[in-house]
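Each remark here refers to the structure printed beneath this line.
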Amino acid sequence: MWTTATTSPSADNRGPGRDEPGARQERGSYDEARTRTRLFWKDAENMTTVGFIGSGSIGSTIARLAVEAGHQVVLSNSRGPGTLVDTVARLGPRASAATSEEAAAAGDIVVVAVPITAFPDLPAAPLMGKTVIDTCNYGPERDGHIPELDSGSLTSSELLLRHVPDAGLVKAFNTIYFKHLLSLARPAGAADRSYLPIAADSAPAKAAVTDFIDSLGYGVVDAGPLADSWRQATGTPVWGSPYGPYSDEKGRPAGEDVIRAALAAATR
């Protein structure tokens, strides 16, 4: 059974943050974000159904931005659909709850936001052929030491790919604090639009996720294949810092050049 996931930088800036299932968000900020992200809506035929395996802080924030951009979302967690009633009610009629298998089957894109130790429990069969977004961060203090990750012989995304080998896997959203992700969304062409790094081996999956992230209000910096996704792992220069201190929930816009420089500065 999986419960929580380290999927975004932590609020205290000491290490990976705990992704609390069903995290509540203030109504005022919800209304502000709902008004803002209507600017990103596209025609209905371009909308996507996004499945979520894990619906804590980062998962539910991505879901919120997706709903506000006009997408359908299907949420799941390890405790069952009944525990997501309040979250679905806040998100509105474009949201529903299901089992993880059902969410995986329903999604054109599927967001995985679970602890690394839960990778073996993921529903591999319904993820076959799907574009899957890996938001997860490795934290030895929570996940225990995994020799292949500690040695650098594998990235956490390559480890995930072993469990969902037929998916088009894309590393994304793991470098930004969930409150900054909500606050920094901007329409295409905005001077202060922020960028997120993504890594993938599949060109079609990378293109699909690029379009999805664009619809949420962000540009994308291509960080290369999954083997290079260590450049956006926990503690690297691009992890959290470019978007400002965690004490400032509004965050700081991080443009394309800032993210490229941070990726280039990463060392092993």
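On a predicted model such as this, the values are computed, not experimentally measured, just so you know.
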Can you tell me how far the [atom1] atom of [X] sits from the [atom2] atom of [Y], to the nearest 0.5 Å?
X      : Y      : atom1 : atom2 : answer
Thr83  : Asn77  : OG1   : CG    : 3.5 Å
Ile133 : Ile62  : CD1   : CD1   : 6.5 Å
Leu75  : Leu84  : CG    : CG    : 6.0 Å
Tyr177 : Leu182 : OH    : CG    : 11.0 Å
Gln232 : Leu196 : CD    : CG    : 9.5 Å
Ile213 : Ser194 : CD1   : OG    : 12.5 Å

I'd like to know if the side chain of [X] and the backbone of [Y] have a donor-acceptor N/O pair within less than 3.5 Å.
X      : Y      : value
Thr49  : Gly107 : no
Trp230 : Thr236 : no
Tyr218 : Ala185 : yes
Ser183 : Lys179 : no
Asp214 : Gly217 : no
Asn137 : Asn174 : yes
Arg252 : Ser241 : yes
Lys130 : Ala105 : yes
Thr155 : Leu226 : yes

Just jot down the ring-ring contact (aromatic ring centres under 6.0 Å, His included) partners of Phe212, sequence neighbours excluded, or say none. His71
Could you list the residues that satisfy side chain to side chain donor-acceptor pair (under 3.5 Å) with Asp192, not counting sequence neighbours? Arg186
Considering residues at least two apart in sequence or located in another chain, which fulfil the side chain to side chain donor-acceptor pair (under 3.5 Å) criterion with Gln72? none
Would a 4.5 Å heavy-atom cut-off, applied to side chains only, mark [X] and [Y] as touching?
X      : Y      : value
Phe173 : Thr61  : no
Val112 : Cys136 : yes
Ser96  : Val74  : yes
Pro115 : Asp143 : yes
Leu154 : Arg162 : yes
Arg94  : Val73  : no

Which label fits His180 and Tyr246: parallel for a plane angle under 30°, tilted from 30 to 60°, or perpendicular past 60°?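 Ring orientation, 0 to 90° scale: parallel.
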[X] and [Y]: which non-hydrogen atoms are nearest, and at how many Å?
X      : Y      : result
Pro237 : Ala266 : CD-CA, 3.9 Å
Ala205 : Gly168 : CB-O, 3.6 Å
Tyr243 : Pro197 : OH-CD, 3.9 Å

My understanding is that only residues two or more places apart in sequence, or in another chain, count here; which of them pass side-chain contact (heavy atoms from CB on, under 4.5 Å) with Pro123? Ile53, Ser100, Glu101, Ala104, Pro126
Cluster overlap Leu216 with Phe52, hydrophobic side-chain contacts below 4.5 Å: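 Yes; Phe52 is reachable from Leu216 via cluster members.
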Under 3.5 Å, is there a donor on one side chain and an acceptor on the other for Asp150 and Tyr138?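 Note: Asp150 and Tyr138 side chains meet the donor-acceptor criterion.
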Give every residue pair that meets the salt bridge (Lys or Arg N to Asp or Glu O under 4.0 Å) criterion with at least one member in residues 222-236, sequence neighbours excluded.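 Checked against salt bridge (Lys or Arg N to Asp or Glu O under 4.0 Å) - neighbours excluded - the pairs reaching residues 222-236 are Lys206-Asp222.
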For Asp108, which residues count as a salt bridge (charged side-chain N to carboxylate O under 4.0 Å, His left out) partner, sequence neighbours excluded?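 For Asp108 there are no salt bridge (charged side-chain N to carboxylate O under 4.0 Å, His left out) partners, ignoring immediate neighbours.
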